[in-house]
Trainee: 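Quick one: the structure is below, questions incoming.
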Amino acid sequence: APNEERVVNLGLAGARHAVFNLTLDQTENAGFVATFAANIAWPNTSSINWSSTNQIIANSVICNLDPSGQIKIRGGANKTHVIIDMVGYLV
C-alpha cells in the first residue's frame, strides 16, 4: 500500500547483504519500492521505479541486511504487488 513498510525475514542471519530480483506486478499510476536493512529508517532511496498502471517490471538488487537477516520494503505513493526472488547473499 502507499507509504507502507513491511519487514521481510530472508533467513540470512549473519550475512551482510542479500542479492535478489525484485519484481513488481499490478502497478497503479507511477511509484517506487525501496528495500533496505530492517534496523534503519528509510534512507530516502528506491530500488525500483515504475511509470504507469499495469506494468510488470524487475530489477536486480543488492541490499544491506540487519544482523538477523531481515530487510524492510517500503511502497511509494501508489500500490503494487512485490515479489522477492532470492539469488544469494554476501558475508
Side-chain angles (χ1 to χ4, degrees):
N3 300 312
E4 179 181 359
E5 288 186 359
R6 292 189 187 183
V7 174
V8 179
N9 186 346
L10 299 178
L12 299 173
R16 297 183 59 171
H17 313 282
V19 181
F20 51 87
N21 289 321
L22 187 63
T23 304
L24 305 181
D25 186 20
Q26 300 181 25
T27 60
E28 290 185 0
N29 301 316
F32 72 91
V33 169
T35 61
F36 50 98
N39 62 340
I40 65 169
W42 175 49
N44 294 312
T45 60
S46 68
S47 301
I48 190 168
N49 303 290
W50 72 91
S51 58
S52 63
T53 299
N54 292 324
Q55 286 186 292
I56 301 172
I57 58 173
N59 193 34
S60 294
V61 175
I62 298 175
C63 183
N64 292 337
L65 297 168
D66 76 0
S68 61
Q70 299 182 113
I71 63 169
K72 280 185 192 172
I73 59 173
R74 179 185 174 95
N78 293 298
K79 294 193 290 187
T80 188
H81 290 192
V82 177
I83 303 158
I84 298 172
D85 184 23
M86 286 295 304
V87 174
Y89 60 92
L90 304 167
V91 291

Trainee: Which value, rounded to the nearest 0.5 Å, describes the distance between Thr23 atom OG1 and His81 atom NE2?
Mentor: 13.5 Å
Trainee: To the nearest 0.5 Å, how far apart are CZ in Phe36 and CG in Asn44?
Mentor: 9.5 Å
Trainee: What pairs with Val8 under side chain to side chain contact (heavy atoms under 4.5 Å, CB included), at least two apart in sequence or on another chain?
Mentor: Leu10, Ile71, Ile73, Ile84
Trainee: Report the residues that fulfil salt bridge (charged side-chain N to carboxylate O under 4.0 Å, His left out) with Arg16, sequence neighbours left out, ordered by chain and then residue number.
Mentor: none
Trainee: Checking Phe32 now: which residues fulfil ring pair (Phe, Tyr, Trp, His ring centres under 6.0 Å) with it, not counting sequence neighbours?
Mentor: Trp42
Trainee: Using a 4.5 Å cut-off between side-chain heavy atoms of Ile, Leu, Val, Met, Phe, Trp and Tyr, which other residues end up in the same hydrophobic cluster as Val7?
Mentor: none
Trainee: Nearest 0.5 Å please: distance from the NZ atom of Lys72 over to the CZ atom of Arg6.
Mentor: 14.0 Å
Trainee: Between Ser47 (side chain) and Thr35 (backbone), is there a donor-acceptor pair under 3.5 Å?
Mentor: yes
Trainee: Ile48 versus Ile57: any side-chain heavy-atom pair under 4.5 Å?
Mentor: yes
Trainee: Under a 4.5 Å cut-off applied to non-hydrogen side-chain atoms, are Met86 and Leu12 in contact?
Mentor: yes
Trainee: Closest heavy-atom contact between Asn9 and Gly69?
Mentor: OD1-O, 3.8 Å
Trainee: Please enumerate all residues that pass side chain to side chain contact (heavy atoms under 4.5 Å, CB included) together with Thr27, with sequence neighbours excluded.
Mentor: Leu24, Trp50, Gln55, Thr80
Trainee: By side chain to side chain contact (heavy atoms under 4.5 Å, CB included), which residues pair with Ser68, not counting sequence neighbours?
Mentor: Asp66, Gln70
Trainee: When you group the ILVMFWY residues by side-chain heavy-atom contacts below 4.5 Å and let the links chain together, are Val91 and Phe20 in the same group?
Mentor: yes
Trainee: Consider side-chain contact (heavy atoms from CB on, under 4.5 Å). Of Leu65, Leu90, Val61, which one does His17 pass it with?
Mentor: Leu90
Trainee: Would you mind reporting whether Pro2 and Lys79 have side-chain heavy atoms less than 4.5 Å apart?
Mentor: yes
Trainee: Can you give me the closest heavy-atom contact between Ser46 and Asn49, atom names plus distance?
Mentor: OG-OD1, 3.1 Å
Trainee: Between Thr53 (side chain only) and Asn29 (backbone N and O only), is there a donor and an acceptor less than 3.5 Å apart?
Mentor: yes
